[in-house]
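Sequence lines set the chain letters: A, B, ... in the order given, protein chains first and strands last, and positions in each chain run from 1.
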There are 2 protein chains.
Amino acid sequence: MTRVTTPRTSPLSGSPTLDEVARVAGVSRATASRAINGGQRVSARAQEAVDEAVRTLGYVPNPAARSLVTRRTDSIAVLVPEPDDRVFSDPFFAGTLRGVNRVLSERDIQLVLLLARPGADTARTLRYLTNRHVDGAIVTSHHREDRLAEHLAEIGLPCVFGGRPWTGGERVAYVDVDNAAGEREATELLIGSGRSRIGTIAGPHDMTAAADRLAGWRQAMSAAGLADDAVEHGDFTEASGETAARALLDRHPDLDALVVASDLMAAGALRVLTERGRSVPDDVAVVGFDDLGVAERTTPQLTTVRQPVVEMAERATRLLLERVDAMEGSHPMRVIIPPTLVQRAST
Amino acid sequence: MTRVTTPRTSPLSGSPTLDEVARVAGVSRATASRAINGGQRVSARAQEAVDEAVRTLGYVPNPAARSLVTRRTDSIAVLVPEPDDRVFSDPFFAGTLRGVNRVLSERDIQLVLLLARPGADTARTLRYLTNRHVDGAIVTSHHREDRLAEHLAEIGLPCVFGGRPWTGGERVAYVDVDNAAGEREATELLIGSGRSRIGTIAGPHDMTAAADRLAGWRQAMSAAGLADDAVEHGDFTEASGETAARALLDRHPDLDALVVASDLMAAGALRVLTERGRSVPDDVAVVGFDDLGVAERTTPQLTTVRQPVVEMAERATRLLLERVDAMEGSHPMRVIIPPTLVQRAST
DNA sequence: GGGAATGATGGAAGCGCTCCCACCCATTGA
DNA sequence: TCAATGGGTGGGAGCGCTTCCATCATTCCC
């Protein structure tokens, strides 16, 4: 048991290898490996000897060697096909990263951040993913043209989308908030409180979240027999909210309520309303979407549709890890989370 | 040349290997490898054949196998020892990530984001880095107690700090803005415009940037023979700026200027001043620090000390890559970037 | 008490790649 | 003419790890 066997390699090369651990522990490399990875089929005595050897040598397994044979990298990518400037200022992204990270730190999995400028880096990013540099990917903030869902489905890399992709939605898993229901509910709240001339500032044309929210507004409006012609589009930023609000108020001076597809755009709209001397909520009621902090910092505070971003990201990550573990046999899944209406001072 | 040699492995295992490329190209694995990695000592004919084979097979090298022998992972870590909530709302962090990413995307290097909650994850993170899972690390927003500089120096992992570390600064490389000079200059500007009762809202006690800025303010004040007793500390957040401003104005109602160690805190201070009916800049002049967007969005717009965060991050990353390439023989370096004073409406 | 489980063990075969080194074949200079 | 160069090439030895499989040592049950 204690007989010293000759090592395959000398301990010259810096950090200790499994061979040395095995030698010090007086067991074979195979046993040492088993002991280190969960200890199936290892006697208490061998386990102890290996643990001790690991401790005294300060052994850490070489991830590349391990990954070469297990075909696992123990890291997953968060893919953001968005010019970096926009990403970082967006609380949605921050929440996503937080949720992902929370789940990953429970297991020993690392997060590789893949920031791909729309056209330019797509090929490079795809190549990276094809390489199996990571075990899976969370994709967020994707646009219509990128066709990422299809590409990823072809590669066969386990992935989960945050938000329904435009195309290929039937081939990939995704987690989404029920955008239509949320915006419908928001609109119904306004209608219920006696508003009848309700406009909307919708999001960009190439994102499903925007389209779904707009649809929700339309549903509520037509169900109540109201005109759904007061529509402007922004790109979810504050500045675009201002522009859209101006256009909307110019075209429809009689508006008594605004359903806005993001809190940031709603903040812009609030500024325009103040600027034009319309009081909120007396003259015009405003509802936002997101509730990621901004809604509490506006004056007046914003009634809004809350999407639990962090929880959604957690959910997506767990889903991804399941798919990574299962590898095959798991067919695409969708998780739709109901949003909640948060009433504040703007309605 | 075209004779087909027997492959070491069958093409059953999914993606093609170098062996298959070599076989298809009619060369040896060694030649194929050379052709793929820059093509030293490869004839034009062989190069062409390999390129062609790579194309038709859709070959992508296995990163684990490569990394096992080269001892390079082609990825670097961005280490943020900060509870994740704070990180993401901070434009400083956003700028850093942007700068790092910009440099990395020039080469084919990936960014691994390591978010470590202060105490909890340190051991795990250090283990990850010890593993040589990455080639190097950028460390940002470190605090006094974490002693990260020492730990990393011990591991021997190439790393560059963003901002001077509290301890171990002589053993690691870092890129920093000249905080003292910046705050000194800001203070001198106020003194030059006739202010004499100047208070400061400093940053947290455990960050060098905060200490250096405070020192800069002190230098300017005592050089002008002014009292440097009006000091309050915040933690760089807007809320803490409000609290500090209140305390400062309570204790020193005669203040005619405020030097604030971050724009976010300055924004909080501005709100308090408005609330108390002090006009800015007529009654009280205010100078911030950072100029990362916030300063342009306050009313009035903020005069501030600009630190070029993105450029600093780029600089740090290039420095890191040099160190990674050189491996040894490169001794710790520091790069100190001069900040610039940006004058707006608050002074 | 004997054969079948059951559990622990080590030998050895790779995982896919890089790179050292020996080799071959043209050139070249003496 | 022959030795000396040198670019191009392939054989083969690893990199450090996991895991299949054969081998024993135990234990159990009829």
Looking at every strand, decide which applies to B:Arg41 at a 4.0 Å heavy-atom threshold: base, sugar-phosphate, or nothing.
base

Rounded distance in Å - [atom1] ([X]) to [atom2] ([N]):
X        : N      : atom1 : atom2 : answer
A:Arg45  : D:dT26 : CZ    : C1'   : 14 Å
A:Ile36  : D:dG16 : CD1   : P     : 14 Å
A:Asp74  : D:dT18 : CG    : P     : 11 Å
A:Arg72  : D:dC17 : CZ    : P     : 19 Å
B:Leu68  : D:dT18 : CG    : C1'   : 13 Å
B:His133 : D:dC17 : NE2   : P     : 12 Å
B:Arg29  : D:dG11 : CZ    : P     : 9 Å
A:Asp19  : D:dG16 : CG    : P     : 9 Å

If the cut-off is 4.0 Å, is [X] near the phosphate of [N], judged by side-chain N/O to OP1 or OP2?
X       : N      : result
B:Ser43 : D:dT9  : yes
A:Thr31 : C:dG10 : yes
B:Asn62 : C:dC15 : no
B:Ser28 : D:dG11 : no
A:Arg71 : C:dG16 : yes
A:Ser33 : D:dT19 : no

Can you measure from [atom1] ([X]) to [atom2] ([Y]) and round to the nearest 0.5 angstrom?
X        : Y        : atom1 : atom2 : value
B:Tyr128 : B:Leu79  : OH    : CG    : 11.0 Å
A:Asp19  : A:Tyr59  : CG    : OH    : 9.5 Å
B:Ile138 : B:Leu321 : CD1   : CG    : 7.5 Å
A:His133 : A:Leu157 : NE2   : CG    : 12.5 Å
A:Glu154 : A:Arg171 : CD    : CZ    : 6.0 Å

Want to settle it: does B:Gln47 or B:Ala65 sit nearer the 5' end of DNA chain D, counting the closest nucleotide to each?
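With B:Gln47 and B:Ala65 compared, the 5'-side residue is B:Gln47.
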
From [options], pick the nucleotide closest to the side chain of [X]?
X       : options                : answer
B:Pro61 : D:dT9, C:dC17, C:dC15  : C:dC17
A:Ala30 : C:dC17, D:dG10, C:dG11 : C:dG11
A:Thr17 : D:dC17, C:dC17, C:dA12 : D:dC17

Show me the dot-bracket string of DNA chain C, counting Watson-Crick or G-U pairs under 3.5 Å, with | for pairs to another strand and [ ] for crossing ones.
||||||||||||||||||||||||||||||

Answer with yes or no whether B:Arg34 presents, from its side chain, a donor or acceptor under 3.5 Å of a partner atom in the base of D:dG10.
yes

Taken in chain and number order and not counting sequence neighbours, the residues that satisfy salt bridge (charged side-chain N to carboxylate O under 4.0 Å, His left out) with A:Arg315 are none

So if I apply the side chain to side chain contact (heavy atoms under 4.5 Å, CB included) rule between B:Thr96 and each of B:Val309, B:Asn101, B:Thr317, which one comes out positive?
B:Val309

With sequence neighbours excluded, tell me which residues meet side chain to side chain contact (heavy atoms under 4.5 Å, CB included) with A:Val310.
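So A:Val310 forms a side chain to side chain contact (heavy atoms under 4.5 Å, CB included) with A:Arg98, A:Arg102, A:Glu314.
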
